[in-house]
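The structure appears right after this line, and notes come after that.
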Amino acid sequence: MTGDRTSVITLVHGTFARDAPWTRPNSALSTSLERAGCHVTRFPWSGRNSHRARSDAAEGLTEHLQRQLTEHPLARHWVIAHSHGGNVALHAADRLRTERGRAARVTTVTLATPFLHARPRSITGWPVFVIVLFSALLLGSAAATAVTGPQSPADAALVIGGSIFAAILALCVAGAVLHRRSLGPGWRSRLIGAIHAPTARPDETVVIRAAGDEASGLLAAGQFVGWLSAAATRLLTNLWFWTILIAVPQFAFVVASLVGRGGRLAFDLLVYGFAAPGLVMVAVAAAMAGSAVVFGIDGPFAGLVASCSAEAAPPGAATLLQLEPRADPTRKGLAHSSLYNDDQVIRYILSAVQTSSRS
């Protein structure tokens, strides 16, 4: 155990970057921090793009920080995390606050992080029954058509639609397998809590973003997914929508029978009157789950119980550093991956660390 009042820094990489060069001892950021007298460590995690991987990483980072807090009880601890590593770091810091209270003394600095927000989704009762029923009918019809061979464009569309829906169901099953350890009473709340970014505090959370960050495309996609997901939930639980959708074809069937135009027309109207609403519901549910793939392989599974989006900031209040667009057009590399090598960012972090160590 060391009693020196130093600063301990833990570097956390992002998705698909387990051996990120900026976390190595010879990187510009690591070198600058060590020259300033900081103790620098790195926390490697799988880097997989899934809610499960980020949750496991948060648990591992919590244990790592616990060891650092034990070894350096008087030090100020910092976590500098890039991209989705920022979500991992926020959850780890939140767990530490729960376990150790204010004694945790951990400040999180996020670099180009798309913060995940999750809101409970409630689809119960008859919508679930309709989705299950017509999902089985869609998959059965698509499989039978595929075996016998499509005879028309409508048959081909049925096979394609059934294949897409089957792929989404497979992702949902894969997500359930990934989260099998968490399944049980209260699993929905636990899953949403593991995804939703914890509430930030301005003295413990620093958000650094770059103008023109390529991850802004993910943010836009994530916000669209959040809107689409919320709209789909409202649609699936809107009684008036389904009343009109079902009643109109049935009314047309009755009219066709009364005017003597029954037979095939009346039969088709009856079939489509029941099949169309169900298939629409299945299509909406598929779009709702499939659009969540951007959050990881278990995104569709999580999308069954939560409406997720990626935002530019976490809930609560955080200190923000927004960089101006890069003036040098010859500078290479992505803006998303340039923050940890940016001189302005490094100076800002050094200043914040040195200021806190003197307070």
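In what follows, residues are counted from 1 in the order of the sequence shown.
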I need the Phe301 CZ to Leu191 CG distance, nearest 0.5 Å. 6.0 Å

CD1/Ile164 to CG/Leu169 distance, rounded to the nearest 0.5 angstrom? 12.5 Å

Approximate separation, where rounding is to 0.5 Å, of Ile192 CD1 and Ser307 OG: 9.5 Å

Counting C-beta onward and ignoring hydrogens, is there a side-chain heavy-atom pair between Ser7 and Gln354 closer than 4.5 Å? no

Among all residues two or more places apart in sequence or in another chain, which pass the side-chain hydrogen bond (donor to acceptor under 3.5 Å, both in side chains) test with Ser30? Ser27

Contacts of Arg188 meeting side-chain contact (heavy atoms from CB on, under 4.5 Å) (sequence neighbours excluded), chain-then-number -> Val305

I'd like to know if Leu350 and Val206 are part of one continuous hydrophobic network [Ile/Leu/Val/Met/Phe/Trp/Tyr, side-chain heavy atoms within less than 4.5 Å]. yes

With Ser83, which residues qualify under side-chain hydrogen bond (donor to acceptor under 3.5 Å, both in side chains), at least two apart? His336

Apply side-chain hydrogen bond (donor to acceptor under 3.5 Å, both in side chains) to Ser50 and list each qualifying residue two or more places apart in sequence or on a separate chain. none

Between Val293 and Pro300, the two heavy atoms sitting closest are CG2-CG, 3.7 Å

Checking His91 now: which residues fulfil ring-ring contact (aromatic ring centres under 6.0 Å, His included) with it, not counting sequence neighbours? none

Connected via hydrophobic side-chain network under 4.5 Å: Leu323 and Trp22: yes

Leu178: which residues meet the side-chain contact (heavy atoms from CB on, under 4.5 Å) condition with it, sequence neighbours left out? Arg52, Ile297, Asp298

Test log, rule side chain to side chain contact (heavy atoms under 4.5 Å, CB included), inputs Glu311 and Leu116: CA-CA 6 Å; Glu311 308 293 343; Leu116 299 182; over 6 Å; no

Report yes or no: does Arg190 contribute a side-chain atom to a donor-acceptor pair with the main-chain N or O of Ser182 at less than 3.5 Å? yes

Taking the side chain as everything from C-beta on, heavy atoms only, tell me whether Ile9 gets closer than 4.5 Å to Leu29. no

Find the distance between OH (Tyr340) and OG1 (Thr23) and round it off to the nearest 0.5 Å. 9.5 Å

In this structure, would Val79 and Val8 fall into the same cluster of hydrophobic residues linked by side-chain contacts under 4.5 Å? no

Euclidean distance, Thr145 OG1 relative to Ile160 CD1, rounded to 0.5 Å: 12.0 Å

Among Leu320, Val207, Thr319, which residue satisfies the side-chain contact (heavy atoms from CB on, under 4.5 Å) criterion with Pro202? Thr319

If you look at every heavy atom in Ala118 and Ala306, which pair is closest and at what distance? CB-CB, 4.4 Å

Close side-chain approach of His77 to Leu96, heavy-atom, < 4.5 Å: no

Contacts of type ring-ring contact (aromatic ring centres under 6.0 Å, His included), residue Trp78, not counting sequence neighbours: none

Can you list every salt bridge (charged side-chain N to carboxylate O under 4.0 Å, His left out) pair that touches residues 24-44, not counting sequence neighbours? Asp19-Arg24

Evaluate the side chain to side chain contact (heavy atoms under 4.5 Å, CB included) criterion for residues Val353 and Arg76: first the C-alpha distance (whole Å), next the side-chain angles of each, then the deciding distance (0.1 Å), finally the verdict. CA-CA 8 Å; Val353 170; Arg76 182 61 181 265; over 6 Å; no

So do Leu11 and His13 actually touch side chain to side chain, heavy atoms under 4.5 Å? no

Where the side chain of Ser55 meets the backbone of His51, is there a donor-acceptor pair that is under 3.5 Å apart? no

Under the side-chain contact (heavy atoms from CB on, under 4.5 Å) test, residues paired with Arg347 that sit two or more places apart: Asp343, Gln344

Salt bridge (charged side-chain N to carboxylate O under 4.0 Å, His left out) partners of residues 86-96, not counting sequence neighbours, each pair once: Asp94-Arg97

Listed partners of His82 passing side-chain hydrogen bond (donor to acceptor under 3.5 Å, both in side chains), at least two apart: none

Are side-chain heavy atoms of Asn87 and Thr113 found at a separation under 4.5 Å? yes

If we only count heavy atoms from C-beta on, is the Phe115 to Thr110 side-chain gap below 4.5 Å? yes

Between Asp56 and Arg48, is a salt bridge (Lys or Arg N to Asp or Glu O under 4.0 Å) present by the stated rule, with each step listed? CA-CA 11 Å; Asp56 290 343; Arg48 297 190 183 96; over 6 Å; no

Can you see which heavy atom on Val159 is nearest to which on Ala146, and at what distance? CG2-N, 3.9 Å

Checking side chain to side chain contact (heavy atoms under 4.5 Å, CB included) for the pair Trp45/Leu61: CA distance, chi angles, key distance, verdict? CA-CA 9 Å; Trp45 58 288; Leu61 179 57; over 6 Å; no

Side-chain heavy atoms nearer than 4.5 Å, only ILVMFWY residues, links allowed to pass through others: does that put Tyr348 and Val345 together? yes

Is Leu183 reachable from Leu304 through a run of hydrophobic residues whose side-chain heavy atoms are each under 4.5 Å from the next? yes

Gap separating the OG atom of Ser351 from the CD1 atom of Ile346, nearest 0.5 angstrom: 13.5 Å

Of all heavy-atom pairs linking Gly47 and Thr15, the shortest is O-CG2, 3.2 Å

What pair of heavy atoms forms the shortest contact from Ala112 to Leu339, and how long is it? N-CD1, 3.5 Å

Aromatic ring pairing His117/His196, orientation class (parallel under 30°, perpendicular over 60°, tilted between): perpendicular

Assess whether side-chain hydrogen bond (donor to acceptor under 3.5 Å, both in side chains) is satisfied between Thr10 and Thr41, documenting all intermediate values. CA-CA 5 Å; Thr10 298; Thr41 67; 3.2 Å; yes

Looking at every heavy atom in both Ala92 and Leu65, which two are closest together, and how far apart are they? CB-CD1, 4.4 Å

Taking side-chain contact (heavy atoms from CB on, under 4.5 Å) as the definition, give me every residue that meets it alongside Thr148, ordered by chain and number, with sequence neighbours left out. none

